Every structure is written in C-alpha cells, then in structure tokens.
Amino acid sequence: MDVQTLTPLTPVPPVSPETEAFWDATATDRLLVKFCNSCNKVHVYPRAHCPFCFSVDTEWRESPGEGEIYSYTVIRRETPPRVVAYVRLDEGVILLTNIVGCDPNGVHIDQRVKAVFPRAEDGPCVPAFVPASPTQELAYRRECQGAESHEKD
Amino acid sequence: MGSVAQSVYIAGIYEHPTRKAVDKSLGQLYFEIAQGAVADAGLSLSDVDAFYCDTDAPGFGPLSIIEYLGIEVRHYDSTDVGGSAPMVHLSHAAQAIATGKCNVALVTMAGKPRTGGRGLDTQPNWAVPELAFELPYAHGVVDQYAMSAMRHMYEFDTTAEQLAWIKVAASHHAQHNPHAMLRDVVTVEQVLGSVMIADPLHRLDCCVVSDGGGAFVVVSQEIARQLKRPRVRLRGAGEAIRDLRGGTADITSSGAVVSGATAFAEAGLKPSDIKYASLYDSFTITVLIQLEDLGFCKRGQGGAFVSDGKLISGVGKLPINTDGGGLCSNHPGNRGGMTKILEAVRQLREEAHPAVQVRNCDLALAHGTGGWLASRHGSATVILERV
Ligand SMILES: [Zn+2]
C-alpha cells in the first residue's frame with residue numbers, strides 16, 4: 001500500500017481571534033464546527049456570524065469528525081500522488097480536506113471517513129481524514145508515532 | 001423589456017496573434033490589443049472615453065495601463081472575476097453607455113504566463129477568510145475542476161469518453177486556425193491516453209497556457225451607425241457569483257444557472273434560439289457543466305449532449321468555440337473570457353474561418369466561468385445579436 005506522507009502540511013495558517021478556538025481544538029484531536037443558535041444550522045468554514053441568517057449568536061460545537069467523501073481527486077502531478085477531497089460531515093456540510101493514510105487508488109465517493117489531526121512542524125494541526133475502519137486508523141496512528149519518534153532522534 | 005443593453009454595440013475586436021510574447025512587455029501587449037480593437041472599429045485611441053481591465057493588468061487597478069496607453073477616460077472598471085471579467089465588463093460598459101457616462105468603451109485583457117512579466121505573490125494573504133481552511137490542503141486550479149468532474153460522473157454517469165469529445169471538437173476547429181497553439185486533430189483515445197493530471201482529468205482535458213490577449217470596443221448606437229462595421233448588438237447579459245455557501249454547495253453546477261437565466265430573460269430568448277456558443281473551456285468539464293446550467297440540455301445530460309461530435313461546426317447542432325477555444329487555440333493570461341467574446345463576434349460578422357462559420361448566425365452566446373468551479377467563481381453570460 002502506498003501510504004501517504006502525513007506531515008508537514010504546508011503552509012500552516014496563523015491563528016486569528018475569530019478562529020482561535022478551532023485551532024486550539026485541533027491541537028487536542030478535536031474538530032469544532034460553528035452552530036447558529038438563531039437558525040440551528042451548522043456552517044463551515046467557521047465564522048463569527050452565521051452566513052445563512054446573519055445572526056452573530058453562534059457557538060462552537062464539537063463534531064464527531066465523521067462523514068463520507070463527497071468528491072475527490074488524486075493529484076497525479078505529485079510523487080507520491082495525493083488526495084484532495086470534499087468530505088460531507090454527518091452534520092451535512094462539505095469541507096475541503098486531504099484524505100491521508102491510505103492508497104489513493106482505493107479512495108471513492110461515499111467512502112466513510114474520520115477526522116485525524118496531522119502534526120505540522122509549526123503552528124496548528126490541520127484536520128485531514130482517513131478511511132473509517134479500525135485498521136486504517138491504527139495504521140495512521142502508528143505512522144504518526146513513527147514520525148514523531150524519528151523527529152526526536 | 002427595460003433593457004439598457006439593447007442600444008449598445010460591439011464595434012471593434014482584436015485578438016493578439018501571439019501565443020508566446022518573448023520580445024514584448026505586457027504593456028506592449030496592452031497597447032497592441034487596444035490599437036487593434038479601435039482600428040477594427042474604424043476609431044482611434046483618442047476616441048476612447050472608457051477603459052476596462054482585470055487586476056492582472058500591471059499596476060493599481062486600471063491606473064497604470066491607462067497612463068501607459070495615454071488615453072483619457074471618464075469611466076472605468078477593473079472588476080476582476082477571473083476569466084469571466086470581460087463578459088462582466090461588457091455588461092457594465094453597456095450600462096455606462098446607456099446612462100450617458102461614456103460613448104466608446106475599450107475592454108482589454110492580456111497576460112504573459114509563459115514568458116513572465118508579472119511577479120508571483122509569495123506570501124499568502126491570510127486575511128482572505130477561507131484561506132486558512134483551504135491552503136493547507138495544497139491543491140491547484142485543476143484539482144477543483146477535477147472534483148466537480150468526479151462528482152458529476154458519480155451523480156450522472158458522465159464518462160471520461162464524453163468529456164474527451166469536448167476536446168476532440170475543439171481540435172477539429174483549431175486545425176483551421178493558423179494562430180492556434182494545438183492544431184492537430186485528436187481522437188477520444190488520444191485524450192484518454194494522455195497523462196492523468198488530476199483524476200478524472202487528463203492533460204488533454206486541460207486548456208493551453210498562452211501569452212497574448214485581446215480587446216473589444218463597445219459603442220453607443222449613435223456611434224455604431226457612423227461606423228462601417230457589421231452591427232453586433234448586446235441583447236442580454238447576466239452575472240452571478242457561486243460559492244460554497246457555508247458548506248451547502250452543489251459542485252456539479254455553476255453560477256451559469258443564474259447568469260444564463262438572467263441573460264436569456266433580458267434578451268427575451270431561449271437556449272434553442274442560439275446558433276453559436278462560446279463556452280468557457282478551462283477544462284472539458286467546464287464546458288459540460290455550462291451546457292447544462294445555461295439550459296442547452298437538461299441537468300445530468302451534458303455527457304450525451306457533447307458526444308459523437310455534436311459540438312463540431314457543420315456536424316453537431318450546437319457548434320461551440322470554433323476558434324479552437326482555450327483547449328486548443330488560446331487561453332491568454334490563464335483567462336479565457338476575452339477570446340470567447342471575440343469568436344462570438346466573428347461568427348456574427350461571418351468572419352470566422354469558412355470551414356467553421358455557422359450559417360445564418362444571427363444570435364450567439366458567450367459565457368465565462370472565472371475562478372474555481374468547485375468552490376467560488378464568477379459567472380457571466382452575454383447574448384449577442386447581429387442586426
Ligand atoms: Zn443562522
């Protein structure tokens with residue numbers, strides 16, 4: 001299997017007051033989405049206001065980080081090839097991401113995926129997704145640990 | 001109808017013949033397209049009183065290029081929605097002329113992506129609100145279009161062979177264009193056999209990268225009557241922005257749904273009235289989705305609509321991009337909107353190559369999709385009529 005390199009994802013975004021909580025959460029492997037208390041809708045990417053009803057009564061909610069691939073492509077221009085995708089969270093919204101920790105040739109629309117949080121060298125962790133099977137997640141975590149212990153050498 | 005458009009004409013056009021401007025500055029390209037378009041109209045640059053360009057024009061908005069050219073204007077607009085900007089500029093120029101703000105509007109676009117001439121921005125502008133949630137995933141323009149294609153295939157059983165037919169049609173037209181970058185006729189098999197860039201888009205599903213540009217002159221009815229040129233009137237125009245809408249977007253359709261409907265309503269026409277269409281062809285999928293969105297076929301049936309040569313002039317029922325389009329001829333500055341308008345005007349004037357000229361071409365449409373199909377883009381549609 002052609003397991004993709006997980007880190008670093010670059011460039012790494014800086015943290016702004018509007019989205020600080022989002023990046024604080026990714027550092028502890030949690031995915032936050034913005035929920036509007038006025039119209040009860042979730043939106044991505046997170047904003048201080050709700051883009052559906054323009055209310056500023058929004059709050060952060062923790063997402064299970066589970067969903068399915070809405071669309072994707074394999075970037076064949078890179079070696080090894082890399083997957084960029086839209087994942088539709090179970091909350092119903094689609095967000096741009098990478099599918100990592102798997103063979104790009106096995107990726108398909110409607111595939112169940114789960115959020116992971118690759119470590120970048122500087123700045124916040126950026127959420128990506130792996131196929132939602134226990135073995136895939138385990139393989140992904142082992143590779144992350146391998147990468148971390150390698151950095152300490 | 002209350003349309004401001006219907007008393008406004010395209011009087012002059014010019015497409016720069018270069019595809020690789022080694023020995024010319026970007027400013028020189030602007031001068032040559034400007035001069036070419038006003039000359040084609042039978043006017044001179046001193047007649048120009050309004051100027052339009054996108055923000056790839058070097059300098060702050062339109063200021064530097066207006067100064068460089070030496071023109072004096074009382075109306076200007078540098079609205080930038082990528083490759084759809086020239087359609088937007090045409091519509092805005094028509095509104096300005098109809099309300100008396102100007103009489104001779106010069107719309108321009110030029111670029112030198114092959115030979116440089118514009119520095120690349122090295123630092124991301126993190127103030128762009130979505131950037132922190134997109135840039136880390138390191139994807140390019142083609143990947144956006146590829147994701148729309150992938151989803152379209154999933155929802156509607158569209159095939160790579162069908163997309164390839166769009167390139168095949170472009171190549172059939174380009175063989176007659178001496179300025180086209182790619183003049184060899186290609187087959188579906190050749191498209192599918194070309195290297196995969198971003199699944200499901202092959203190299204031959206992508207447009208060319210070219211230097212060059214073009215310009216056109218928009219004038220009032222009064223001036224059009226004084227000029228000894230075929231009269232091409234703007235009959236309807238529409239513009240729209242499509243974006244991800246908080247994560248609720250459908251990436252298998254585009255802003256053309258709105259801009260097309262607006263333009264057809266203003267023109268008092270329907271898709272079956274159109275004899276020729278210039279459709280944005282940054283990638284094959286762009287054409288297919290626009291055909292559906294503009295109403296030339298039903299949603300999901302674009303694949304069947306483009307197959308078996310149905311877009312080839314003299315063969316199919318809706319000839320498109322008879323100059324070879326961006327897929328084979330020219331995509332100057334990575335923006336294809338200008339050349340789309342120019343070929344539509346040529347068709348209406350019966351100045352297209354005889355091998356691809358559409359008979360009795362009295363109504364044509366030009367559409368631009370500027371930006372990223374699967375996230376955010378400007379859409380603009382214009383409907384032109386020979387009167
Ligand atoms: Zn709301």
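The structure presented is a predicted model; accordingly, all values stated were derived computationally and were not measured. Just so we're on the same page: letters track the sequence lines, and every chain starts at 1.
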Given side chains that start at C-beta, do those of Trp126(B) and Ser16(A) come closer than 4.5 Å, heavy atoms only?
-> no

Are any non-hydrogen side-chain atoms of Pro129(B) and Tyr45(A) less than 4.5 angstrom apart?
-> yes

Name the region of [X], side chain, backbone, both or neither, that has any atom closer than 4.5 Å to a heavy atom of chain A.
X	result
Ile251(B)	both
Ala374(B)	both
Asp243(B)	neither
Val195(B)	neither

Kindly give the heavy-atom pair with the smallest separation between Pro136(B) and Val126(A), and that separation in Å.
-> CB-CG1, 3.8 Å

Of all heavy-atom pairs linking Gly246(B) and Val93(A), the shortest is O-CG1, 3.6 Å

Salt bridge between Asp143(B) and Arg77(A), side-chain N to carboxylate O under 4.0 Å?
-> yes

Can you tell me how far the [atom1] atom of [X] sits from the [atom2] atom of [Y], to the nearest 0.5 Å?
X	Y	atom1	atom2	value
Arg76(A)	His202(B)	CZ	NE2	10.0 Å
Met147(B)	Ile69(A)	CE	CD1	11.5 Å
Glu130(B)	Arg47(A)	CD	CZ	8.5 Å
Ile94(A)	Thr248(B)	CD1	OG1	8.0 Å
Ile99(A)	Tyr137(B)	CD1	OH	10.0 Å
Leu96(A)	Gln144(B)	CG	CD	6.5 Å

Should the heavy atoms of other residues, nucleotides or ligands under 6.0 Å from CZ of Arg245(B) be counted, would the total exceed 12?
-> yes

Considering only heavy atoms, which portion of [X] lies under 4.5 Å from any heavy atom of chain B: side chain, backbone, both, or neither?
X	value
Thr19(A)	side chain
Phe22(A)	side chain
Leu95(A)	neither
Tyr72(A)	both

Under the 3.5 angstrom rule, does the side chain of Arg151(B) hit a backbone N or O of Tyr70(A) as a donor-acceptor pair?
-> yes

Under 4.5 Å, counting heavy-atom pairs only, tell me which of Thr97(A), Leu89(A), Val42(A) racks up the most with chain B.
-> Thr97(A)

